[in-house]
There are 2 protein chains.
Amino acid sequence: MTKMSDVARLANVSTATVSRVLRNPEAVTEPTKHKVLEAIEELNYQPNMLARHFRRTETNTILVVVPNIINTVFAEIVGGIEDEASKKGYRVLLRNSNNQIDSEYGSIEHMKQRQVDGMIMLSPKLDEETLLDISNQYPIVLATAHLDGVKIPVVSIDNINSSKKATEHLISLGHKRIAHLTGPLYSLISKNRCKGYRRAMIENGLEIYSNLILEGDFTYESGYKQMKKLLDLENPPTAVFAASDDMAMGVVNAAKHHGLNVPGDLAVVGFDNIKFSSIFDPPLTTIAQPMFGMGKRAMELLIRKFKGESLSQTEHVLPDKLIIRESCGTKQKESTVV
Amino acid sequence: MTKMSDVARLANVSTATVSRVLRNPEAVTEPTKHKVLEAIEELNYQPNMLARHFRRTETNTILVVVPNIINTVFAEIVGGIEDEASKKGYRVLLRNSNNQIDSEYGSIEHMKQRQVDGMIMLSPKLDEETLLDISNQYPIVLATAHLDGVKIPVVSIDNINSSKKATEHLISLGHKRIAHLTGPLYSLISKNRCKGYRRAMIENGLEIYSNLILEGDFTYESGYKQMKKLLDLENPPTAVFAASDDMAMGVVNAAKHHGLNVPGDLAVVGFDNIKFSSIFDPPLTTIAQPMFGMGKRAMELLIRKFKGESLSQTEHVLPDKLIIRESCGTKQKESTVV
DNA sequence: TTGTACGCGTTATCAA
DNA sequence: TTGATAACGCGTACAA
């Protein structure tokens, strides 16, 4: 393999000069630069990045830890990260944690071993203490996460408020028995979405029935399964707010298979605005998370950390939006009560 | 940062011995090994991987070039690659080409610069000559690709036969005016799926109408748009075979919005068996590609290349399967002809 | 502006 | 089985 000394020899300069041409061209006169570039061209020289990384103790690579790349939400965020990263000259190492906390621990080793310059974790399961500990030693940014008062950069939306909006939309349509399917409750995100739901119910003077709040895990299957349970209730809900679009689709299909009409007999609101939520029948009313933008922003923040900025602001809340489609009906429902 | 020589000093051995303990433990006696491990523990030593990679000119990292990670099909294949890679101690570098051929060229630089040990390209746009040229110099495996007689390992399904099966399913239901939405025709995959369609039509004595074959780009939007065109025909088709599930959903929705019933008025078959194809209404009849398995297999082949195997067999065809759901009706359609 | 020469931390070779 | 030592290729003081 042709190396820097080969180029130097051909161009009749030292390796130092070749190095300068590559990394600090202003420090070299036009003619010598020309000579060197010609030699590089002629020999088809490519710098050995491994040597460079070793020498500079940096890799221009970041690690993205994702629960599961097959999930549309994460795939889109990763898309945003990759887009921004490649524009800024960074490479993206992908790691599926499969929701295993051990795997998240393992990813920290990557940084300790200098294999990456920093990392972005999506929906981490690690406890706040551990995360803070890592953050004090290495550049790390979280996305779709929420920590209470811990000083780590986090990119997210306002999960409480957006869920409140979603629930209030159902309330505004006249619904009173509104169920909520949560995400896994170990995550603060799921708790916050639930909190938004509760807040909307309380502020509108509606009763919260504990048997109308069921825990899911964001998947279609869990939405389907939990909806079945709700349908078996003596007094089933007239509306469901699901904490993910996947679950919302499970809810809709369970209702359909049970002979119900959506939105006629049951109104459903989802969360995420994944691509298929608009393709689905009926198209889902949902909260749009700017997934691509969140990924992009997370990468921007990480780069700022690389540059040594201290990022006084740690919570980066991006705007969400209630997208009204057909899954909860657009017309007011005639009030069945009072 | 604590380095190998620190460990060596504390354990009263040479760095060579420390290195051996880490990478070749059998070559060291039990007591010295013990000493060394203790010192490692005590100093909380982590090997500097950059130095190791540099010294060994290998990175244990592979590059995956993907047109777009947001596409479910690619996300699942990447999932399979990542799964296998992490089991075998490899890391996965992700690169979105966004279907830009320049970006694919760029990814080759990664290998020339030794940043990765090898690469897997999904649905490459690069021409065969270039690919062959790379393959002669570096370990590379392709997936969801097809090359005519070129000696590069490729993982795929039999696109011709599976498309033939899909089309024949429609034929067996009594359809005669069967349209086909192709993928982008620069890709041999799309051409092959089209070939399978044609073959089925011809072998069953059905006429091929050129205005019933339209080119799409695998997206929902293109399926929707092209279906609109078909609906405007004087004599629209009674069935459509779309070369991707995304397009098939576009077809179904265009038909629905046009007031048609699927499968009652129009039978639709898709391709890929993405997760949402079964959630969609009606659930899509489709050809299942073993996406996760294809990713896994591609990674296995790449590892075999790393080991210096020559892989006499270059085409690795995985089994596909026709999944019959409801989008084309299960009952025989009464014959409208003869 | 350019060149000399050393060091980054690990692994491999060779000798003991 | 272990140790001494020389690379690996690049970047950067420091000197010229």
Taking N or O atoms only and anything under 3.5 Å, show me the protein contacts with nucleotides 12-16 of chain D, one pair per line.
none

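A pairwise comparison of heavy atoms in A:Ser123 and A:Pro67 identifies CB-CG, 4.1 Å as the closest pair. Between B:Leu50 and A:Glu58 the shortest heavy-atom distance is CD1-N, 4.2 Å. Taking every heavy atom of both residues into account, B:Val64 and B:Val78 meet most closely at CG1-CG2, 4.1 Å. The shortest non-hydrogen separation linking A:Arg95 to B:Glu82 is CA-OE2, 3.5 Å. Taking every heavy atom of both residues into account, A:Asn96 and A:Ile69 meet most closely at OD1-N, 2.9 Å. Taking both residues in full, the closest heavy atoms of A:Pro290 and A:Leu318 are given as CG-CB, 3.9 Å, listed atom of the first, atom of the second, then distance.
Backbone-only contact: A:Thr32 has heavy atoms under 4.0 Å from sugar-phosphate atoms and none from a base. When heavy atoms are screened at a 4.0 angstrom cut-off, B:Val13 is found touching the sugar-phosphate backbone but no base atom. Nucleic acid contact class of B:Met4 (heavy atoms, under 4.0 Å, all strands): base.
You'll find the side chain of B:Asn159 stays beyond 4.5 Å of the side chain of B:His146, heavy atoms only.
Under 4.0 Å is where a charged nitrogen must lie from a carboxylate oxygen, and between A:Arg304 and A:Glu300 no such pair does. Taking 4.0 Å as the cut-off between side-chain N and carboxylate O, B:Arg9 and B:Asp6 count as a salt-bridged pair.
For B:Gln113 and D:dC10, the CD to P distance is 11 Å, given to the nearest whole Å. The CE-P distance, from A:Met1 to D:dC10, rounds to 10 Å in whole Å. A:Glu58 places its CD atom 10 Å from the P atom of D:dG11, with the value rounded to the nearest Å. In this entry the distance linking CZ of A:Arg9 with P of D:dC10 reads 13 Å, nearest Å. The interatomic distance linking B:Met49 (CE) with D:dC8 (C1') rounds to 17 Å, in whole Å. Rounded to a whole Å, the CG atom of B:Leu50 is 13 Å from the C1' atom of D:dC10. If you measure from atom NZ of A:Lys3 to atom C1' of D:dG9, you get 7 Å, rounded to the nearest angstrom.
Judged as a salt bridge (charged side-chain N to carboxylate O under 4.0 Å, His left out), and not counting sequence neighbours, the contacts of B:Lys87 are B:Asp83.
Inter-axis angle, ends of the helix from C:dT1-D:dA16 to C:dA16-D:dT1, five pairs per end, rounded to 10 degrees: 30°.
When the side-chain nitrogen and oxygen atoms of A:Ser5 are compared with OP1 and OP2 of D:dG9, none of them lie within a distance under 4.0 Å.
Listed in residue order, the members of residues 40-48 of chain B having a heavy atom less than 4.0 Å from DNA chain C are B:Tyr45, B:Pro47, B:Asn48.
D:dC10 has no stacking from A:Phe54 on its base ring, since the centres under 5.5 angstrom apart and planes within 30 degrees of parallel are not both found.
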Donor-acceptor contacts under 3.5 Å from residues 36-46 of chain A side chains, at least two apart:
unit_1: A:Gln46; atom_1: OE1; unit_2: B:Gln113; atom_2: NE2; d: 3.4
unit_1: A:Gln46; atom_1: NE2; unit_2: B:Glu109; atom_2: OE1; d: 2.5

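Close approach of DNA chain C to chain A, defined as any atom under 4.0 Å from a non-hydrogen atom of the protein, starts and stops at C:dT1 to C:dG9.
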Set out, in order, the CA-CA distance, both residues' side-chain angles and the distance that settles side-chain hydrogen bond (donor to acceptor under 3.5 Å, both in side chains) for B:Arg114 and B:His53, then state yes or no.
CA-CA 9 Å; B:Arg114 308 270 177 292; B:His53 292 161; over 6 Å; no
Apply the test side-chain hydrogen bond (donor to acceptor under 3.5 Å, both in side chains) to residues A:Thr130 and A:Asp127: give CA-CA distance (whole Å), side-chain angles for both, the deciding distance (0.1 Å), then the verdict.
CA-CA 6 Å; A:Thr130 308; A:Asp127 58 290; 2.6 Å; yes
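Between the CG atom of B:Leu311 and the NZ atom of B:Lys305 there is a distance of 6.0 Å, given to the nearest 0.5 Å.
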